[in-house]
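Everything below concerns the one structure shown next.
Heavy atoms only: backbone and side chains are in, while hydrogens, waters and symmetry mates are out.
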Amino acid sequence: MKHLLKIADILGKELRTRSLLERFATTLNADDDYMLDMSGVEMISRSAADELYTITNTYHVDIIRMTSFVQQMYDAVKLGRFQPRQHLSNDVTFIKCTDIHSLTTCLQK
């Protein structure tokens, strides 16, 4: 039997941090099956979506009722896991700032 968990009721409508999902994962039992109901979750950050993806690959978890935004962020993370990182430019200039004054000066240029 799968445990149905309403994520908005447990974690809230906005999943902003990886640590929030990490703490949630500690409540899951590796021997149980879960269905995460995402209805009511309006926003998820990329890092939280990444952690959610990790949870789905660590535990017996299915996800249902994602909003379009949450689904798009989750899919972006999922795709990113299987593609090499792309660096579109090699002409990046590194600037050394030793204190807040030098950082402010560099940013104002």
Side-chain angles (χ1 to χ4, degrees):
M1 180 174 101
K2 288 190 179 197
H3 301 281
L4 178 64
L5 304 175
K6 292 193 59 96
I7 298 303
D9 292 346
I10 298 167
L11 302 176
K13 294 179 180 184
E14 297 182 353
L15 309 180
R16 294 187 176 272
T17 65
R18 178 183 304 278
S19 62
L20 179 68
L21 276 290
E22 287 173 338
R23 286 192 307 271
F24 169 72
T26 65
T27 68
L28 303 178
N29 182 331
D31 296 326
D32 290 341
D33 293 330
Y34 299 94
M35 186 169 298
L36 305 184
D37 181 350
M38 300 295 283
S39 60
V41 175
E42 299 168 358
M43 181 274 189
I44 189 167
S45 69
R46 187 171 181 100
S47 62
D50 186 69
E51 192 58 34
L52 180 61
Y53 183 78
T54 298
I55 290 169
T56 64
N57 286 282
T58 304
Y59 299 93
H60 306 283
V61 171
D62 291 320
I63 302 174
I64 60 171
R65 300 188 183 114
M66 284 190 206
T67 65
S68 176
F69 175 82
V70 172
Q71 182 72 57
Q72 288 174 1
M73 187 62 75
Y74 184 78
D75 290 346
V77 164
K78 196 163 56 170
L79 285 172
R81 289 276 184 110
F82 300 105
Q83 295 177 354
R85 294 193 186 260
Q86 293 180 346
H87 301 282
L88 302 177
S89 175
N90 289 329
D91 61 348
V92 176
T93 303
F94 289 93
I95 301 169
K96 183 177 180 182
C97 299
T98 57
D99 58 27
I100 192 68
H101 176 70
S102 64
L103 174 62
T104 303
T105 302
C106 289
L107 292 176
Q108 290 176 345
K109 291 182 179 179

Return the minimal non-hydrogen interatomic distance between Ser39 and Ala8, and the atom names on each side.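 Shortest heavy-atom separation between Ser39 and Ala8 comes out as O-CB, 3.6 Å.
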In this structure, would [X] and [Y] fall into the same cluster of hydrophobic residues linked by side-chain contacts under 4.5 Å?
X     : Y     : answer
Ile63 : Met35 : no
Ile10 : Met66 : yes
Met43 : Val77 : yes

How many angstroms lie between [atom1] in [X] and [atom2] in [Y], if you round to the nearest 0.5 Å?
X     : Y     : atom1 : atom2 : value
Asp31 : His60 : CG    : NE2   : 7.0 Å
Met73 : Arg46 : CE    : CZ    : 7.0 Å
Asp33 : His3  : CG    : NE2   : 7.5 Å
Ile7  : Leu21 : CD1   : CG    : 7.5 Å
Glu42 : Leu15 : CD    : CG    : 10.5 Å
Leu52 : Glu22 : CG    : CD    : 12.5 Å

Exercise: do Asp50 and Ser47 side chains pair donor with acceptor under 3.5 Å: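 Their side chains do not contain a donor-acceptor pair, so the 3.5 Å distance test is not met.
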Quick one: do Arg81 and Thr54 satisfy side chain to side chain contact (heavy atoms under 4.5 Å, CB included)? Show the steps, please. CA-CA 10 Å; Arg81 289 276 184 110; Thr54 298; 2.8 Å; yes
Criterion side chain to side chain contact (heavy atoms under 4.5 Å, CB included) on Lys96 and Thr98, from CA distance to verdict: CA-CA 6 Å; Lys96 183 177 180 182; Thr98 57; 4.1 Å; yes
Partner of Leu36 under side chain to side chain contact (heavy atoms under 4.5 Å, CB included), picked from Ile64, Val61, Val41, is Val61
For Ile55 and Tyr34, run side chain to side chain contact (heavy atoms under 4.5 Å, CB included): C-alpha distance rounded to whole Å, both residues' side-chain angles, the deciding distance at 0.1 Å, then the answer. CA-CA 11 Å; Ile55 290 169; Tyr34 299 94; over 6 Å; no
Can you list the steps and then say if Leu5 with Leu28 is a side chain to side chain contact (heavy atoms under 4.5 Å, CB included)? CA-CA 11 Å; Leu5 304 175; Leu28 303 178; 3.9 Å; yes
